K.L.:
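I have a structure here, written as structure tokens, and I will follow up with some questions on it.
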Amino acid sequence: MIEKIKLEDLKKENILAFGEIYQGKLHPSSLEILTPLKEIAEKLDKSLILVCLADSLESIHDLESLKKSLADEVWFIFHSKLRDFKDDLYARVFIEIIKSTNPYGVFFPATLIGVSIAPRIAGVLNLGLCAHVNALEIENNQIIMARPTYGENIIAKLTSKTIPVMATISIGAFSPKTSEKTPVFKEVIFPENFSWESALKVRSFRSSKKKPSRLSTAKVVVAGGRGLKNKENFQKLFELAEILKAEVGATRPVCYEGWVEEERMIGVSGVTVKPKVYIGFGISGALQHTAGMENSEFIIAINTDKEAPLVKMAHLSLIGDAKKILDLLLKKLKR
Ligand SMILES: Cc1cc2nc3c(=O)[nH]c(=O)nc-3n(C[C@H](O)[C@H](O)[C@H](O)COP(=O)(O)OP(=O)(O)OC[C@H]3O[C@@H](n4cnc5c(N)ncnc54)[C@H](O)[C@@H]3O)c2cc1C
């Protein structure tokens, strides 16, 4: 049962989190960001609200995950015009909520949709926005946001000069948690004069044939770097991944070379992974990469250079040619 409530009657001064629903599916990172935000909200004595935009309740497939989420309340905004993602309309809906409920913080997962609307909202409301945060804490009753900076070589701790505090949070930086207490579901009724029009028109929707990557939640990750030498060798990682039920990850240079799509990039500019086993083939272990995999439980490095930082950091290292070792491994596993 969902309570209907007018926008102007909603609770004020909360911590808001964007619950991204796309084609009826809740993006897992919307639940991940609730983990640090719950702690923050409790310390600041604020309510944690997940804000979801969709065309109708029936169109949402993941209500069970929402029921187990850490949010105190889930606010739904339903309208037929919200069926397809439109940056301008989504941003305006959020701006209306912010203006009306005067939140203390507004946070977005750093998904394509999150990083598209957060700066639009911050720009219109003249607010600061901290991008790609990977740690949050409270000091002197203030939210401190940590993110890599200066060529991603150091971690900067930032506070916001404007309220609400706004940030996008890196995908995979936190693990989602569940709560025994079901959040209160509310359907927010917008004022009649609110315009649901958008400058964008979605003509058609075509699903990608590609299987979506589950890198941030994978139990085993096989990753490749420049030491694999070429795209053809890199592609063999997919064969290994299939056998090990793993996901394929990569370093930034090989994504930029076009050996694999950028969504598989691990590190400060990509995804954070925390698998039980991470195997790095021909990866040097630059800080920008290791920041995204250092919490893996067991790290295996394959490299010709025994001085490579990833080799030094690994629990097990194989010193040798990455392609040769990969071929041998595949041969053995296939047998
Ligand atoms: C602002 C900024 C953001 C960045 N963000 C990211 C990020 O998110 N993720 C990321 O990965 N990088 C990122 N980088 C790039 C990062 O600094 C490194 O350049 C990159 O991680 C190195 O990739 P690599 O290990 O594939 O290549 P290299 O550093 O060139 O290392 C290749 C390794 O392969 C080994 N090797 C060579 N031949 C063989 C062989 N035959 N067999 C086995 N091993 C071999 C070498 O000894 C070496 O250790 C960023 C850089 C900047 C400046």
Side-chain angles (χ1 to χ4, degrees), residues 29 32 109-112 114-115 130-135 146-156 158 168-174 213 215-216 218 221-241 246-275 278-296 299-331:
S29 54
E32 289 169 16
T111 55
L112 287 179
V115 301
C130 190
H132 279 79
V133 168
N134 56 20
R147 56 147 294 142
T149 194
Y150 285 123
E152 326 284 310
N153 282 310
I154 60 162
I155 301 293
L158 304 159
T168 59
I169 301 180
S170 292
I171 301 176
F174 300 93
S213 148
L215 195 53
S216 64
V221 170
V222 291
R226 264 202 291 231
L228 273 173
K229 305 295 180 199
N230 58 43
K231 186 173 180 173
E232 196 190 338
N233 293 341
F234 189 95
Q235 286 302 312
K236 293 185 181 172
L237 287 179
F238 286 95
E239 285 177 49
L240 182 63
E247 281 290 338
V248 174
T251 61
R252 189 167 89 160
V254 309
C255 294
Y256 284 7
E257 281 292 322
W259 296 1
V260 70
E261 60 272 28
E262 280 185 33
E263 66 179 23
R264 296 201 177 264
M265 187 194 303
I266 294 173
V268 287
S269 322
V271 177
T272 303
V273 297
K274 275 184 241 110
Y278 165 101
I279 315 176
F281 289 85
I283 293 178
S284 58
L287 183 89
Q288 292 86 356
H289 181 78
T290 56
M293 49 64 70
E294 63 194 355
N295 292 324
S296 306
I299 299 168
I300 304 173
I302 297 156
N303 203 307
T304 43
D305 177 8
K306 64 178 189 323
E307 298 299 322
L310 192 68
V311 170
K312 292 192 164 171
M313 164 185 198
H315 301 95
L316 173 72
S317 297
L318 303 179
I319 305 303
D321 181 67
K323 190 234 169 206
K324 273 193 193 153
I325 293 176
L326 179 56
D327 282 343
L328 284 170
L329 197 57
L330 280 172
K331 206 165 149 192

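Given the structure is predicted, the values throughout are model-derived calculations rather than measurements. The analysis underlying the following values was restricted to heavy atoms, covering all of them including side chains, and did not include hydrogens, waters or symmetry mates. Remember, it's 1-based here, ligands and their atoms both numbered in the order they're listed.
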K.L.:
At a non-hydrogen distance cut-off of under 4.0 Å, which region of Ala322 contacts ligand 1 (side chain, backbone, both, or neither)?
P.N.:
both

K.L.:
Please check this pair: side chain of Asp321 against backbone of Thr304, looking for a donor-acceptor N/O pair closer than 3.5 Å.
P.N.:
no

K.L.:
Under 4.0 Å from any heavy atom of Asp305, which atoms of ligand 1 are there?
P.N.:
47 (O)

K.L.:
Check each heavy atom of Ile266 against ligand 1 and say whether those closer than 4.0 Å belong to the side chain, the backbone, both or neither.
P.N.:
backbone

K.L.:
Nearest heavy atom to atom 14 (N) of ligand 1: which of Gln288, His289, Lys324, Lys323 does it belong to?
P.N.:
Gln288

K.L.:
Sequence neighbours left out, what passes side-chain hydrogen bond (donor to acceptor under 3.5 Å, both in side chains) with Glu257? Give chain and number order.
P.N.:
none

K.L.:
Report yes or no: does His132 contribute a side-chain atom to a donor-acceptor pair with the main-chain N or O of Thr168 at less than 3.5 Å?
P.N.:
no

K.L.:
Using heavy-atom distances only, which candidate in Ile319, Val271, Thr251, Ile302 approaches atom 24 (P) of ligand 1 most closely?
P.N.:
Thr251

K.L.:
Pick whichever of Gly267, Gly249, Pro309, Ser284 has a heavy atom sitting closest to atom 28 (P) of ligand 1.
P.N.:
Ser284

K.L.:
Please state whether Gly320 comes within less than 4.0 angstrom of ligand 1, counting heavy atoms only.
P.N.:
yes

K.L.:
Between the main-chain N or O of Ala250 and the side-chain N or O of Arg264, is there a donor-acceptor pair closer than 3.5 Å?
P.N.:
no

K.L.:
For the pair Arg147 (side chain) and Ala131 (backbone), establish whether a donor and an acceptor sit closer than 3.5 Å, ignoring hydrogens and angles.
P.N.:
yes

K.L.:
Quick one: side chains of residues 310-317, donor-acceptor pairs under 3.5 Å with protein atoms, not counting sequence neighbours, listed by atom name and distance.
P.N.:
{"residue": "Lys312", "atom": "NZ", "partner": "Glu307", "partner atom": "OE1", "Å": "3.0"}
{"residue": "His315", "atom": "ND1", "partner": "Ile299", "partner atom": "N", "Å": "2.7"}
{"residue": "Ser317", "atom": "OG", "partner": "Val311", "partner atom": "O", "Å": "3.2"}

K.L.:
Please state whether Lys229 comes within less than 4.0 angstrom of ligand 1, counting heavy atoms only.
P.N.:
yes

K.L.:
For atom 44 (N) of ligand 1, tell me which residue out of Val254, Val268, Thr304 has the closest non-hydrogen atom.
P.N.:
Thr304

